[in-house]
Q: 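The structure that follows is given in the form of C-alpha cells.
Just so we're clear, the structure is a prediction, and the values are computed from it rather than from any experiment. Residue numbers count from 1 along this sequence.
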Amino acid sequence: MDDQHDSQQPTPRRGKVLDALVRAERKVFTRPAPKSAKAQMEFLYTRAKRSTKALAERLGVSTRTVQRYRAGQLKKPHKRLQAVLVEETESQWQPQVRAQARERAATSSGMMVEVTAYFGFTCTGSSDDGRERTITTPISPTYASQILQIQEAGATEEELHPIVAEAITESYFTDWGTRADGLRADFTDVRSIEFQF
C-alpha cells in the first residue's frame, strides 16, 4: 500500500462562517456526490482533464496512488486522503446548481441565517448589554450578494464577521430600518451558524 500521502500537511480549516456558507451550497445539490473512493477519484480525474499527475498533486499523493484507486486496487483511503477526497469532490460537484443558488440568493431570495453568538451593541441612546443570543432571520439579497462576493474573493473569517453582523442588525435588530436608528451590532464567539439559500 502507498503511504506517501501520510507525510502531507493536513487540509487547512475554515472558520465557522465560511464552513456554514460551504454547507449551505452543498445542501442545494440535486444528486448526491460520489461516495466511494474509486468514484470520487474517477470524478476528480475527469475534472483534472484526465491528468493523473495534476490530480495527484492536488490530492497530495503519488501518481501511482491515483492509478491504484482508479483501478480498484486500493479501496479505503487513510483519514487525511478521505477528507481531501470528500472536500475536493463536493467542492467541484454540480457547479451550475451551486451558481444558480448563489445567483438567486444575491438577486431575489436572499438567505436565511441561524446563529448563536455573543452580540455586542453600539448606538446613540441606550441599548441592552451584549450577550449570547440565538437568532434566526432572513438576510436581504443585497447583503447576501456582498457576503457571497467577498467569500468568493477569498475573504477570511474576520472579514466576513462585520458584513454578516450588519446584515443581521438590519433584519433582526432594526427591522429593516424601522426602529433602533443608529444601532450597530457586532458578534464574536460564534458557537454555531447555518445559512440557507
Side-chain angles (χ1 to χ4, degrees), residues 5 8-61 63 65-72 74-115 136-157 159-160 163-164 167 190 192-197:
H5 57 272
Q8 299 294 322
Q9 293 297 316
T11 307
R13 282 213 23 90
R14 293 181 289 259
K16 290 181 180 176
V17 175
L18 288 166
D19 277 341
L21 287 167
V22 168
R23 282 192 307 274
E25 273 190 351
R26 292 176 182 175
K27 287 178 187 173
V28 300
F29 289 161
T30 57
R31 294 187 342 242
K35 298 287 183 215
S36 73
K38 180 177 179 171
Q40 291 168 333
M41 203 62 84
E42 285 297 331
F43 170 73
L44 293 171
Y45 177 71
T46 59
R47 299 297 290 182
K49 297 184 170 116
R50 303 198 178 283
S51 169
T52 304
K53 183 179 178 187
L55 179 56
E57 287 173 5
R58 178 190 232 140
L59 298 176
V61 297
T63 55
T65 298
V66 170
Q67 292 166 347
R68 286 178 180 154
Y69 276 103
R70 289 193 56 239
L74 295 178
K75 295 183 191 306
K76 295 206 179 233
H78 292 137
K79 271 184 165 179
R80 191 205 66 79
L81 179 57
Q82 180 61 41
V84 171
L85 282 171
V86 168
E87 176 63 28
E88 287 292 323
T89 300
E90 289 185 356
S91 70
Q92 295 184 45
W93 188 248
Q94 293 191 322
Q96 291 175 331
V97 171
R98 284 196 323 268
Q100 289 168 354
R102 290 172 71 90
E103 181 67 22
R104 266 192 318 277
T107 58
S108 61
S109 65
M111 298 188 291
M112 286 295 292
V113 64
E114 180 176 318
V115 62
T136 303
T137 190
I139 293 177
S140 71
T142 303
Y143 279 110
S145 175
Q146 290 175 24
I147 290 166
L148 295 172
Q149 283 174 358
I150 66 172
Q151 176 211 16
E152 201 168 286
T156 65
E157 186 80 1
E159 293 168 333
L160 278 167
I163 190 72
V164 173
V190 177
S192 67
I193 186 166
E194 291 297 325
F195 291 98
Q196 182 178 346
F197 290 123

Q: What's the separation between atom NZ in Lys38 and atom CZ in Arg70, rounded to the nearest 0.5 Å?
A: 8.5 Å
Q: In terms of side-chain geometry, is the basic nitrogen of Glu87 or Arg58 positioned less than 4.0 Å from the acidic oxygen of its partner?
A: no
Q: Answer with yes or no whether the side chains of Gln67 and Thr52 bring together a donor and an acceptor at under 3.5 Å.
A: no
Q: Looking at CZ of Phe197 and CZ of Arg98, how far apart are the two atoms once the value is rounded to the nearest 0.5 Å?
A: 10.0 Å
Q: Output the distance between atom CD1 (Ile139) and atom CD1 (Ile147), rounded to the nearest 0.5 Å.
A: 4.5 Å
Q: Which atom pair, heavy atoms only, marks the closest approach of Glu90 to Ala33?
A: CG-CB, 4.1 Å
Q: Test of understanding: with salt bridge (charged side-chain N to carboxylate O under 4.0 Å, His left out), list the residues that count as partners of Glu194, not counting sequence neighbours.
A: Arg23, Lys27
Q: Does the side chain of Val113 come within less than 4.5 Å of Tyr143's, by heavy atoms?
A: no
Q: Should Arg47 and Glu88 count as an ion pair when the cut-off is N to O under 4.0 Å?
A: no
Q: Please report the closest heavy-atom contact between Arg80 and Leu59, naming both atoms and the distance.
A: NH2-O, 3.1 Å
Q: Of the non-hydrogen atoms in Ala155 and Leu160, which two are nearest, and what is the gap between them?
A: CB-CG, 4.3 Å
Q: Could you tell me whether the side chain of Gln151 reaches within less than 4.5 Å of the side chain of Val17, counting heavy atoms only?
A: no
Q: Of all the heavy-atom pairs spanning Ala144 and Gly110, show the shortest one and how long it is.
A: CB-CA, 4.1 Å
Q: Between Glu25 and Arg102, is there a side-chain N and carboxylate O pair less than 4.0 Å apart?
A: yes
Q: Roughly how far apart are Gln196 CD and Ser109 OG, rounded to 0.5 Å?
A: 10.0 Å
Q: Taking side chain as C-beta onward, heavy atoms only, is Leu81 less than 4.5 Å from Tyr69?
A: yes
Q: What pair of heavy atoms forms the shortest contact from Thr89 to Leu85, and how long is it?
A: OG1-O, 2.7 Å
Q: Give a yes or no on whether the backbone of Thr30 and the side-chain of Gln94 come within a donor-acceptor separation of less than 3.5 Å.
A: yes
Q: Considering residues at least two apart in sequence or located in another chain, which fulfil the ring-ring contact (aromatic ring centres under 6.0 Å, His included) criterion with Phe43?
A: Trp93
Q: Using modelled atom types and a 3.5 Å cut-off, is there a donor and acceptor pairing between side-chain atoms of Gln82 and backbone atoms of Lys76?
A: no
Q: For residues Val115 and Thr137, determine if any side-chain heavy atom of one lies less than 4.5 Å from a side-chain heavy atom of the other.
A: no
Q: Which heavy-atom pair separates Ile150 from Glu159 by the least distance, and what is that distance?
A: CD1-O, 3.9 Å
Q: Just how far is it from atom CG of Leu148 to atom CD1 of Ile163, taken to the nearest 0.5 Å?
A: 11.0 Å
Q: Hey, what do you get for OG (Ser91) to CG (Leu44), rounding to the nearest 0.5 Å?
A: 8.0 Å
Q: A side-chain contact here means heavy atoms from C-beta on lying under 4.5 Å apart; do Met112 and Phe195 qualify?
A: no
